[in-house]
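Numbered from 1 within each chain, the chains take letters A, B, ... in sequence-line order. Note that this is a predicted model, so its numbers are computed, not measured. Any value given below was found using the heavy atoms of this structure, including those in side chains, with hydrogens, waters and symmetry copies removed.
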Number of protein chains: 2
Amino acid sequence: MDKRYTALGTSMLVLKLLEKEPMYGYQIIKTLEQQSSQVFRLQEGTLYPILHGLEQQGAVISQTASAPSGRIRKYYHITPSGRKLLQEKLQEWETYQTAVNQVIGGVLFE
Amino acid sequence: MDKRYTALGTSMLVLKLLEKEPMYGYQIIKTLEQQSSQVFRLQEGTLYPILHGLEQQGAVISQTASAPSGRIRKYYHITPSGRKLLQEKLQEWETYQTAVNQVIGGVLFE
DNA sequence: ATCAATACATAGATTATCAAGGTATATAAA
DNA sequence: TTTATATACCTTGATAATCTATGTATTGAT
C-alpha cells in the first residue's frame with residue numbers, strides 16, 4: 001500500500017482470507033489486491049512479518065507443500081484461536097468505522 | 001486512543017471538526033471523544049503535533065484569543081487549502097472503507 | 001489550601017508499514 | 001539459449017503515526 005492505513009486492518013484482512021481457505025504468502029498479496037480492486041497493494045516486507053507474528057501467537061499454522069509445478073509453497077491455516085482473534089478484529093473495525101462515520105456525518109447509516 | 005487506528009483518520013477528523021467551527025486543542029479532544037461515543041480518546045501528545053503539522057502545511061491557521069474566563073486559548077481555523085485537503089482525505093477514507101468491506105464481505109453495501 | 005479540570009507543549013519509545021535488497025525456481029519470449 | 005518476467009520466500013533499515021510520560025500554568029470547586 002502506498003498509504004498508511006491501519007494496524008487493525010492488515011492482519012484482520014489476512015485472517016479473513018485464511019478463514020475461507022489456507023493460502024500462501026504470495027497468494028494472499030495477489031488475492032487482497034484483486035478483491036480490494038487494487039486498493040491494497042501489500043508489500044512482502046509487510047506481509048511476511050505479519051504472518052510470522054500471527055504464527056507465533058498461534059493464530060495460524062504453516063505447512064509446507066509442493067505445488068503441481070513442483071514449486072515449494074508455505075500454506076498458512078487459521079486456527080481456532082485465530083478465528084477468535086478475527087472476530088475481535090472485525091468487531092473493532094465495526095466500532096471504529098461507525099465512530100468515524102458518526103464524526104464525519106457519513107451517509108452510510110441512513 | 002488505546003488502539004492504533006489510522007493515519008488517515010486523525011487529521012481528517014480534526015479538519016472535519018474545524019470545518020464546522022474554529023476550535024482550540026482541548027476542545028477538539030473533548031468534542032471528538034463525545035461525538036464518537038468515547039471511541040476516540042485522542043492524547044495531547046497526538047493532537048498537538050498534528051495541529052502544528054497542519055498549520056505548517058497551511059491547512060489551518062491559529063489565532064490566540066482569550067476566553068470569557070480570561071484564559072488564553074489558541075483557536076485553529078481551517079483554510080481553503082485545508083478544506084481541499086479534507087475533501088481528499090474524506091475521499092480516501094471512502095475508498096479505504098469500501099475496499100475493506102469488500103474483502104470482509106461487509107453488509108453495509110447491500 | 002488543595003485537588004481536579006482546563007490548556008498549552010515537548011521528548012522518547014513503540015509499532016506498522018514501506019523501500020530496498022537478497023535468494024531461488026518456473027515459464028515464456030527473444 | 002539467453003533473457004526477462006512472474007512466482008515465492010525472506011530480512012534489514014528507514015519513516016511516520018501514535019502513545020506514554022513529563023512539564024508548565026491557570027481556573028474553579030471542595
Side-chain angles (χ1 to χ4, degrees), chain A residues 1-15 22-34 36 39-57 60 62-76 89 92-93 96 99-100, chain B residues 1-15 22-34 36 39-57 60 62-76 89 92-93 96 99-100:
Chain A
M1 324 197 213
D2 55 355
K3 288 282 162 40
R4 249 156 246 262
Y5 291 113
T6 157
L8 219 156
T10 309
S11 59
M12 176 182 80
L13 296 174
V14 169
L15 286 171
M23 285 189 180
Y24 54 98
Y26 195 79
Q27 185 185 10
I28 291 172
I29 290 172
K30 293 300 163 190
T31 305
L32 210 48
E33 203 169 317
Q34 178 231 313
S36 72
V39 173
F40 302 122
R41 294 171 190 279
L42 206 52
Q43 300 303 310
E44 297 179 320
T46 304
L47 178 63
Y48 289 115
I50 285 176
L51 286 173
H52 300 158
L54 288 173
E55 189 167 27
Q56 269 213 313
Q57 287 177 58
V60 301
S62 68
Q63 187 183 340
T64 300
S66 45
S69 58
R71 182 185 287 282
I72 298 279
R73 290 170 179 164
K74 208 164 157 188
Y75 282 87
Y76 288 88
K89 284 180 178 292
E92 280 172 37
W93 163 247
Y96 175 66
V100 170
Chain B
M1 321 198 218
D2 54 355
K3 288 280 161 43
R4 249 157 246 259
Y5 291 112
T6 156
L8 218 157
T10 308
S11 57
M12 176 182 79
L13 296 173
V14 169
L15 287 171
M23 286 190 177
Y24 54 96
Y26 195 79
Q27 185 185 11
I28 291 172
I29 290 174
K30 293 300 163 191
T31 305
L32 210 47
E33 202 170 317
Q34 177 231 314
S36 72
V39 173
F40 301 122
R41 294 172 190 278
L42 206 53
Q43 301 302 310
E44 297 178 317
T46 305
L47 179 64
Y48 290 114
I50 285 175
L51 286 173
H52 300 159
L54 288 173
E55 190 166 26
Q56 269 213 314
Q57 287 176 60
V60 301
S62 69
Q63 188 185 338
T64 300
S66 45
S69 58
R71 180 185 289 279
I72 298 279
R73 289 170 180 163
K74 209 165 157 186
Y75 282 86
Y76 287 88
K89 285 181 177 291
E92 280 173 36
W93 163 247
Y96 174 67
V100 170

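- Side-chain contact between A/V100 and B/F40: present, with at least one pair of heavy atoms (C-beta onward) separated by less than 4.5 Å.
- Protein atom CG of A/L13 is 14 Å distant from nucleotide atom C1' of C/dT17, rounded to whole Å.
- Residue contacts for B/Q27: at a heavy-atom cut-off of 4.0 Å it reaches no nucleic acid atom on any strand shown.
- Within the 4.0 Å cut-off from OP1 or OP2 of D/dC19, at least one side-chain nitrogen or oxygen of B/T46 is found.
- Taking only side-chain nitrogens and oxygens, A/Y48 never comes nearer than 4.0 Å to OP1 or OP2 of D/dC10.
- One interatomic measurement links the two molecules: CZ of A/R41 to P of C/dT17, which rounds to 17 Å at whole-angstrom precision.
- Here the P atom of nucleotide D/dA6 and the CD1 atom of A/I29 are 15 Å apart, to the nearest Å.
- For the pair B/V60/B/L15, a side-chain contact is recorded, criterion being any heavy-atom separation below 4.5 Å from C-beta on.
- The interatomic distance linking A/E55 (CD) with D/dC10 (P) rounds to 9 Å, in whole Å.
- For the pair A/T10 and C/dA16, the criterion of a side-chain N or O lying under 4.0 Å from OP1 or OP2 is not met.
- Residue side chain B/Q43 does not reach the base of D/dC19 through any donor-acceptor N/O pair under 3.5 Å, judged by distance alone.
- The shortest side-chain heavy-atom distance between A/Y26 and A/R73 does not fall under the 4.5 Å cut-off.
- Proximity of B/R73 to the phosphate of C/dA7: a side-chain N or O atom is located under 4.0 Å from OP1 or OP2.
- In terms of position along DNA chain D, the nucleotide closest to A/I72 lies nearer the 5' end than the nucleotide closest to the other residue of the pair A/G45 and A/I72.
- Taking atom CG on B/L54 and atom P on D/dA17, their separation rounds to 11 Å, with Å as the unit.
- At a threshold of 4.5 Å between non-hydrogen side-chain atoms, the residues A/Q57 and A/L54 count as touching.
- Close to D/dA6, at under 4.0 Å from its OP1 or OP2, lies no side-chain N or O of A/K30.
- When side chains are defined from C-beta on, A/L51 counts as touching A/I28, because their heavy atoms get closer than 4.5 Å.
- Taking atom OH on B/Y24 and atom P on C/dA9, their separation rounds to 14 Å, with Å as the unit.
- Between D/dT11 and A/H52, a contact under 4.0 Å exists linking OP1 or OP2 to a side-chain N or O.
- Distance, B/E44 CD to D/dT20 C1': 12 Å, rounded to whole Å.
- C/dT15 atom P lies 14 Å from atom CD1 of A/I50, rounded to whole Å.
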